[in-house]
Every structure is written in C-alpha cells, then in structure tokens.
Amino acid sequence: MYTQAMDTMAKEGKGAPRAVAALSAEDAQRQARFDERIDADGRIEPRDWMPEAYRKTLVRQISQHAHSEIVGMLPEGNWISRAPSLKRKAILLAKVQDEGGHGLYLYSAAETLGTSRAQMLDDLHSGKAKYSSIFNYPTLTWADVGVIGWLVDGAAIMNQVPICRCSYGPYARAMVRVCKEESFHQRQGYEGLMVLMKGTQAQRDMVQDAVNRWWWKCLAMFGPPDADSPNSAQGMRWGIKRFTNDELRQKFVDATVPQARLLGVTLPDPDLKWNEARGHHDYGAIDWSEFWQVVNGHGPCNRERLAARVKAHDDGAWVREAAAAHAAKHTPVEAKAA
Ligand code: 3HC
C-alpha cells in the first residue's frame with residue numbers, strides 16, 4: 001500500500017529522483033533490479049547489490065537508532081538505585097537492559113552494511129553522530145520513569161512498528177523483537193503512573209509535572225515537520241520509512257489523548273482538540289528552535305550523556321582486550337596460517 005503511494009509520488013515528480021546518474025550498463029541493470037524489488041515491496045539483504053546512497057542512508061539511520069538506544073539507558077538508569085520498591089527496581093533493571101540489547105542488535109544490523117562498531121562508536125563519542133533529542137533531558141522525579149515508559153517508549157513504538165516492514169532485511173528483523181520489548185516498556189510505564197495517580201495528591205502532582213515537562217519533547221522526537229525533513233522523501237521512496245514524521249506524530253497524539261484521559265492527567269496544550277472535519281486532534285505549535293538546539297549538542301544534558309558514554313567505553317577497554325586475547329588464543333592454527 002505504501003509502495004503504491006510512493007510510486008504515485010515518484011510519477012508525479014514529488015518524490016526524490018532515483019539515483020541513476022552516470023551508471024555503467026551493468027550497474028544500470030543492477031539498479032533496475034533493485035528498483036523493481038523495492039517497487040514490489042521486497043526485501044534487500046546484505047549480499048544484494050544496493051545503491052551507495054541507500055547503504056549510506058541505512059548506516060546513518062540504523063547507527064543513530066543504535067546510539068539512541070544505548071544513550072537512552074542513561075536517564076532511567078539514574079533511578080535504578082532509587083526505585084521505590086524491589087518490584088519496581090527489578091522492572092526498571094530489565095527495561096534498561098532491554099535498551100542495551102536493542103543497541104546491540106542495531107549495531108549488528110548496521111555492521112552488515114560494511115561499517116564497523118568501532119567506527120560507529122567513534123562517531124558517537126566525537127559528537128559527529130546524532131542520537132535522539134529526547135535523551136538529553138533530566139529525569140527529576142520517580143514519575144519521570146513512568147512518563148518515559150508511557151510517552152517516550154510510546155512514541156518510539158509508533159515510529160518503530162512500521163520499521164518492521166523496512167526494505168532492508170536485517171533492520172526489519174531486528175525491529176520485531178525491539179517492538180515487542182518496547183511494548184512491555186510502554187505498559188510498565190503506564191501501569192506505574194496508574195498506581196501513582198491512585199496515591200496521594202503529592203503523587204498525582206508529581207505525575208502531572210512530569211507529563212508537563214515531557215509532552216512537547218515527545219512530539220518533537222518524531223523529527224522535523226515534513227516540509228523541513230531532508231531525508232523523508234527518499235527514505236519513503238526506498239521503503240526505509242513507511243510514514244512521514246508528521247503522520248507518525250499525528251498518530252501518536254490521537255492514540256495518547258484517550259490514554260491521558262483514562263489516567264486523569266492533562267496534556268499541556270491549550271490548542272489540543274478533536275477536529276471533526278479532519279478526524280484527528282489538532283495540536284499547538286512545537287518549539288523547533290529548542291529541538292535544533294538540543295540536536296546540535298546544546299540541550300540540558302548533552303554533555304553529561306556523552307561523557308557517561310565515553311567513560312563507559314574507556315572503562316570497558318580491558319573487557320574488549322581480554323575478549324580479543326581469548327579469541328586469538330582459541331583461533332585454530334590453520335586459520336592463523338591462512
Ligand atoms: N533527535 C535527533 N536528531 C533527529 C531527530 C531527533 N528526535 N529527528 C530527526 N533528527 C535528525 C535526523 O537524524 C536528520 O539528521 P542527519 O540528516 O544529519 O542524519 C535531521 O534531523 C533531519 O531529519 P529527517 O526527518 O530528514 O531524518 P530521517 O528521515 O532520518 O528521520 C527519524 C528521522 C524519524 C528519527 C528516523 O531516522 C527514524 O525513524 N529513525 C529510527 C528510529 C530512531 O532512531 N528512534 C530514536 C529513538 S529510539 C528510542 O527512543 C529508544 C527507545 O528505547 C525509547
């Protein structure tokens with residue numbers, strides 16, 4: 001269905017042009033086979049020929065996604081030692097470990113495209129590679145942990161379920177398990193907030209305060225408006241993205257409003273209202289200048305997050321060295337000689 005929509009865009013000249021400039025006859029044939037498979041909604045696998053721009057786009061998106069998962073462990077990791085009960089601590093530990101696992105699947109998926117984990121990590125540590133804006137905000141109270149589960153993971157699921165149908169096989173397959181786990185994350189967050197909302201007035205106030213601080217950041221997390229999103233048209237054409245940033249943002253708003261009502265919190269947007277004609281909720285203006293500030297490294301926690309990642313990497317050097325020494329020791333003699 002989305003591929004048909006993309007075809008129409010391409011025919012009407014609205015989609016990004018196909019990368020066919022200056023191809024050899026052989027490459028033109030490969031390009032045609034690649035385009036056919038994309039048009040038929042087929043999968044591209046690591047050993048298949050692919051245009052260089054497709055490969056680069058995937059390395060960019062998958063590595064940024066992997067970085068987001070591992071940087072995303074930090075804001076909530078901050079609460080593991082302060083969780084209010086053993087049960088909440090066990091849930092939070094499992095969730096943060098899941099995020100680490102997601103990062104590892106995604107780094108592996110990116111490696112199938114010819115990049116290395118060391119290169120990707122260098123890019124993260126030097127500040128060259130992006131990761132999600134949302135993880136550059138502080139987690140001030142326990143309610144933030146619930147709100148991150150409900151809203152941040154809820155937004156992540158909205159964005160990531162369509163990636164299970166991404167045209168690149170390893171990325172699509174990695175996302176199936178990631179989405180199942182994210183779904184548990186979203187539910188544990190919502191359940192934790194439900195408990196707080198049935199507690200004292202101070203607990204309800206704490207939840208509302210956390211919702212007020214995270215709501216707009218979650219809307220921005222879907223990325224710039226379609227008109228300002230340089231990668232969307234080509235990403236859609238290639239079947240990497242299945243919905244645009246604005247489409248996913250709208251789905252998220254529509255899904256979240258009834259959940260907020262049930263929870264008993266107010267979403268901090270006076271312009272948020274149902275629009276009968278559109279069949280969707282209208283919502284207020286997002287502060288895009290704040291979003292770009294954060295993406296460009298000037299959010300409240302950017303420095304702290306990167307410093308924590310660099311320190312973890314440095315502290316883990318001995319593990320990598322030991323693993324490499326162990327592997328060398330156990331490499332069969334014939335393989336060494338070859
Ligand atoms: N934070 C930081 N940078 C962002 C961003 C965000 N929230 N949204 C967009 N950007 C960046 C893009 O990476 C791009 O930068 P680049 O060209 O230098 O790489 C630029 O802003 C323009 O944006 P586009 O819309 O043109 O870029 P894309 O077409 O790549 O769309 C995206 C951006 C929607 C984030 C897309 O890359 C995507 O769907 N990625 C996969 C999902 C992902 O990475 N999610 C991050 C959150 S993961 C998470 O939340 C973990 C979970 O456990 C909670």
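Read the numbers this way: they start at 1 and go in the same order the structure lists the ligands and their atoms. Heavy atoms only: backbone and side chains are in, while hydrogens, waters and symmetry mates are out.
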For ligand 1, the residues whose heavy atoms come within less than 4.0 Å (ordered by chain, then number): R60, Q61, Q64, H65, S68, E69, E99, K130, Y131, S132, S133, F135, D153, A156, N159, Q160, I163, Y171, E182, M221, F222, G223, P224, S229, P230, N231, S232, K241, N245, F291, W292, V295
Distance-only polar pair, side chains of S108 and R117, donor-acceptor under 3.5 Å: yes
Heavy atoms of other groups near R47 CZ, more than 12 under 6.0 Å: no
No-hydrogen, no-angle side-chain donor-acceptor test under 3.5 Å, S232 and D226: no
Mutual orientation of the aromatic rings belonging to F291 and W288 [parallel < 30°, tilted 30-60°, perpendicular > 60°]: perpendicular
Any side-chain donor near an acceptor of the partner, S289 and D287, under 3.5 Å: yes
Mutual orientation of the aromatic rings belonging to F252 and F222 [parallel < 30°, tilted 30-60°, perpendicular > 60°]: tilted
